[in-house]
Amino acid sequence: MTQIAIHFDTPVVSVDRFCELSGMTKATVQRRIEEGRIPVMPKQGKREVVMVNLMALAMLGAEHFKEHVAPRKPGPRSRRPQP
């Protein structure tokens, strides 16, 4: 079983800070938030700052890793016909 250890200084960050950390433009981050590709914390009021949920993003990344990147068990090897 593959184990992943991730350390966060904080579980959520502002969109501006996320842009700094990720290197993405603010427009890209906003678009991905609207598409649901970057999870955010629910807002309590209209003036509240949008906060990117790094914990949820890490969990999505871990799921992707398990589904698409993690090594799979090798299957039976095919044998080449001998000349």
Side-chain angles (χ1 to χ4, degrees):
M1 172 185 249
T2 303
Q3 291 186 346
I4 300 172
I6 300 172
H7 171 76
F8 293 104
D9 292 330
T10 179
V12 297
V13 293
S14 67
V15 170
D16 290 334
R17 180 68 177 135
F18 185 77
C19 291
E20 291 172 16
L21 294 171
S22 67
M24 288 188 251
T25 65
K26 194 167 186 176
T28 298
V29 171
Q30 293 288 3
R31 186 177 64 252
R32 289 184 180 184
I33 288 171
E34 291 169 8
E35 294 170 351
R37 295 172 57 193
I38 296 177
V40 295
M41 298 296 292
K43 289 175 51 174
Q44 299 297 319
K46 291 180 181 180
R47 293 183 152 190
E48 193 169 310
V49 174
V50 175
M51 301 295 280
V52 174
N53 186 338
L54 296 178
M55 297 295 288
L57 189 59
M59 291 175 69
L60 288 171
E63 285 300 315
H64 176 77
F65 176 82
K66 286 187 341 188
E67 292 174 7
H68 302 286
V69 180
R72 295 179 176 93
K73 292 181 182 179
R77 293 183 180 210
S78 62
R79 295 187 149 209
R80 286 192 223 160
Q82 297 296 324

Discussion item. If hydrophobic clusters are built from ILVMFWY residues whose side chains come within less than 4.5 Å, do M55 and F18 share one?
Written reply: yes
Practice prompt. Indicate if V49 and V13 have the same hydrophobic cluster label, given that clusters are the connected sets of ILVMFWY residues with side-chain heavy-atom separations under 4.5 angstrom.
Written response: no
Discussion item. Once rounded to the nearest 0.5 Å, what's the spacing between atom CG of L57 and atom CE of M59?
Written reply: 11.0 Å
Worksheet item: Going from CZ on R31 to OG1 on T25, what distance comes out if it is rounded to the nearest 0.5 angstrom?
Response: 7.0 Å
Worksheet item: Can you get from V40 to L54 by hopping between Ile, Leu, Val, Met, Phe, Trp and Tyr side chains that sit under 4.5 Å apart?
Response: yes
Worksheet entry | Heavy-atom pair of closest approach, residues N53 and V12 | CA-CG1, 4.1 Å
Item to complete: State, to 0.1 Å, how close M24 and R32 come at their nearest heavy-atom pair, and which atoms those are.
Response: SD-NH1, 3.4 Å
Fill in: Under the salt bridge (Lys or Arg N to Asp or Glu O under 4.0 Å) test, residues paired with E34 that sit two or more places apart
none
Response to the item:
Residue pairs meeting salt bridge (charged side-chain N to carboxylate O under 4.0 Å, His left out), one or both in residues 12-22, sequence neighbours left out, come to D16-K26, R17-E20
Discussion item. Are M41 and I38 linked, directly or through intermediate hydrophobic residues, by side-chain heavy-atom contacts shorter than 4.5 Å (ILVMFWY only)?
Written reply: no
Worksheet item: Below 4.5 Å, heavy atoms only, C-beta onward: do V52 and V50 meet side chain to side chain?
Response: no
